[in-house]
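Everything on this sheet refers to the single structure shown next.
The model shown is predicted, which means the values in this text are computed figures rather than measured ones.
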Amino acid sequence: MINKLKLLIKRLVGKVVYTYTYLKNNISTKYKKIKKNKSFLDLILSILKQWKTSSLTILSIIFIYYGLGAFISSNINNTLNHNINIDKKNSRYATHYLIHTLKSQIDDAPWTPSLPLIFPASILDNLPNFQLGSKDAARYFVKKMSAIYLDPSLKNSGQLLDYPANIWLFSQDKNDKLSPGSAKQYRKAIADLTEFSKKENIRYQPSLTHLLSQLKGINNLLAKQNTKIDKHALEHKSDLFDIKADDLFYYTQGVLYTTHYYLLGLSKDYQDLIVENELYDETTTTLKIIQKAIELNPTIIKNAPLDNTYSANHLIYLAYYIANAQNHINHIYTTIKNKAPKELNL
């Protein structure tokens, strides 16, 4: 694939260089001839005669810059097998995995939702929506944790992740003041989340309460996404071209990407409790289902009517995996809740 891409780039660059050289030599020769007659008007007319070639060259350059640039920068970072080494007794894997998901979309790749039109990635819709979904899910979980731990670093991180996602380097607010870019604010949120992960003296609520609260939060987030999918599929099933289907598809995959890592972190933080309740296989199955949903990669996202024999509905495919994951999470939640001590009033 890389070799084919290199060959394509080489050929396109060669054509541009050839066209540029042709134009330069042709116009230069005509300019010398016209210069002898000292006619500036003839020079203008001569250049105008080359408008077809000039237009073709400009269009070729635009195609190469945006088309090839967008192709190269459209790689979605949705890797799920990343290992995180934490040398700490009180590991808080869930927190560290949230930090990883944010960094993977903000530090390890350009934050494309805020890029202006001069950047090739600005014409994309898959990568920006995936990044938005991943960031919004991280914000949701950070705020859930903030409500449990009542830590100022978590609270500040959640507020920073509320910042608008479409601001590039800076923006002018209503008071005519310059506002920082989205990526800069999100990096501050990562720093606050990292600060929380290093704190050792945090006032914890009962760990069982924490786990059940987070499982319920995950289920609510997945239910919210499935509601969005069902509503969109119903309202736009008759559209000849549903240009918003892929936006929702990749946004949902971004949500699932962060959810997968967060659930994985919780399963490690509460490994003893999960094993004790014989829920290890159930948890592993849930993670595999979410992984399959993230790995869905159709060439064109379709939102065909459910009774259509010849066309698929990829949004419904995604909703099926989400609903399946919800069933397993509900089973884990119910099993732990039923075995919880009565004094916890769960």
Problem - Any I290 side-chain heavy atom under 4.5 Å of L80 side chain - result: no
Problem - Non-hydrogen side-chain atoms of P180 and I167 separated by less than 4.5 Å - result: no
Handout entry: Linked, directly or transitively: L160 and Y163 (ILVMFWY side chains, under 4.5 Å)
Key = no
Exercise for the section: Evaluate the side-chain proximity of L98 to L193: yes if any heavy-atom separation is below 4.5 Å, no if none is. Expected result: yes
Exercise for the section: Side-chain contact test, heavy atoms from C-beta onward, threshold under 4.5 Å: evaluate it for L154 versus T95 and give yes or no. Expected result: no
Exercise for the section: Establish, yes or no, whether the cationic atom of R92 lies under 6.0 Å from the six-membered ring centre of Y97 and within 45° of the ring axis. Expected result: no
Exercise for the section: Please check if the side chain of N277 supplies one atom and the backbone of L273 the other of a donor-acceptor pair under 3.5 Å. Expected result: yes
Practice task
For residues A323 and N226, report the shortest heavy-atom separation together with the two atoms involved.
Solution key: N-ND2, 3.6 Å
Practice task
For K103 and D108, run salt bridge (charged side-chain N to carboxylate O under 4.0 Å, His left out): C-alpha distance rounded to whole Å, both residues' side-chain angles, the deciding distance at 0.1 Å, then the answer.
Solution key: CA-CA 6 Å; K103 284 185 174 180; D108 299 341; over 6 Å; no
Handout entry: Within-4.5 Å side-chain heavy-atom neighbours: Y250 and I76
Key = yes
Fill in the blank from the handout: Smallest heavy-atom separation, L315 atom then A245 atom, equals CD2-O, 3.6 Å
Exercise for the section: Look at atom CD of Q271 and say whether more than 12 heavy atoms of other residues, nucleotides or ligands are closer to it than 6.0 Å. Expected result: no
Practice task
Let me know which of I336, T334, T335 forms a side chain to side chain contact (heavy atoms under 4.5 Å, CB included) with I332.
Solution key: I336
Exercise for the section: Report the distance from atom CD of Q214 to atom OH of Y262, rounding to the nearest 0.5 Å. Expected result: 3.0 Å
Handout entry: Side-chain touch H331/H328, heavy atoms, less than 4.5 angstrom
Key = no
Practice task
Could you tell me whether the side chains of S182 and S114 share a donor-acceptor contact shorter than 3.5 Å?
Solution key: no
Handout entry: Output field: ring centroids H210/Y149 closer than 6.0 Å
Key = yes
Handout entry: Distance (rounded to the nearest 0.5 Å) between D281 CG and I274 CD1
Key = 11.5 Å
For residues 139-147, which side-chain donor-acceptor pairs fall under 3.5 Å, sequence neighbours excluded?
unit_1, atom_1, unit_2, atom_2, d
R139, NH1, D162, OD1, 3.4
Y140, OH, G217, O, 2.8
K143, NZ, D162, OD1, 3.2
K143, NZ, D162, OD2, 2.5

Fill in the blank from the handout: For T252 and L248, the nearest pair of non-hydrogen atoms, with its separation, is OG1-O, 2.8 Å
Practice task
Specify the closest pair of heavy atoms between I106 and A183, including all atoms of both residues, with the distance to one decimal.
Solution key: CG2-O, 4.0 Å
Exercise for the section: Could you tell me whether a side-chain N or O of Q253 sits under 3.5 Å from a main-chain N or O of A293, the two making a donor and an acceptor? Expected result: yes
Practice task
For residues L287 and T284, determine if any side-chain heavy atom of one lies less than 4.5 Å from a side-chain heavy atom of the other.
Solution key: no
Exercise for the section: Measure up the Y317 and H314 rings against each other and bin them: parallel (under 30°), tilted (30 to 60°), perpendicular (over 60°). Expected result: perpendicular
Handout entry: Test side-chain contact (heavy atoms from CB on, under 4.5 Å) applied to Y186 and L102, step by step
Key = CA-CA 8 Å; Y186 298 155; L102 286 169; 6.0 Å; no
Exercise for the section: Say whether, by atom type as modelled, one donor and one acceptor occur between the side chain of D269 and the main chain of A94 under 3.5 angstrom. Expected result: yes
Exercise for the section: With rounding to the nearest 0.5 Å, note down the distance linking OH in Y93 to CG in L266. Expected result: 13.0 Å
Problem - Spacing of OG1 belonging to T286 relative to NE2 belonging to H260, to within rounding of 0.5 Å - result: 10.0 Å
Fill in the blank from the handout: CG (N219) and CG (N327) are apart, to the nearest 0.5 Å, by 9.0 Å
Handout entry: Spacing of CG belonging to D230 relative to NZ belonging to K228, to within rounding of 0.5 Å
Key = 12.5 Å
Practice task
Check whether any side-chain N or O of T194 sits under 3.5 Å from a backbone N or O of I190 as a donor-acceptor pair, and report yes or no.
Solution key: yes
Handout entry: Main-chain N/O of Q131 paired with Q105 side-chain donor or acceptor, under 3.5 Å
Key = no
Problem - Side chain proximity check, Y280 to S267, heavy atoms < 4.5 angstrom - result: no
Handout entry: Residue pair D136, Y251: steps toward the side-chain contact (heavy atoms from CB on, under 4.5 Å) verdict
Key = CA-CA 9 Å; D136 286 349; Y251 180 91; 2.7 Å; yes
Exercise for the section: Please report the shortest heavy-atom distance between L132 and A165, naming the atom on each side. Expected result: CD2-CB, 3.3 Å
Practice task
Answer yes or no: is there a donor N or O on one side and an acceptor on the other, between the side chain of S104 and the main chain of T101, under 3.5 Å?
Solution key: yes
Problem - Test log, rule side-chain contact (heavy atoms from CB on, under 4.5 Å), inputs V255 and S134 - result: CA-CA 5 Å; V255 171; S134 178; over 6 Å; no
Exercise for the section: Evaluate the criterion ring pair (Phe, Tyr, Trp, His ring centres under 6.0 Å) for residue pair Y257 and F130; output intermediate values, then yes/no. Expected result: CA-CA 9 Å; Y257 170 76; F130 184 93; 5.6 Å; yes
Practice task
For A319 and I229, work out which heavy atoms get closest and say how close.
Solution key: CB-CG2, 3.9 Å
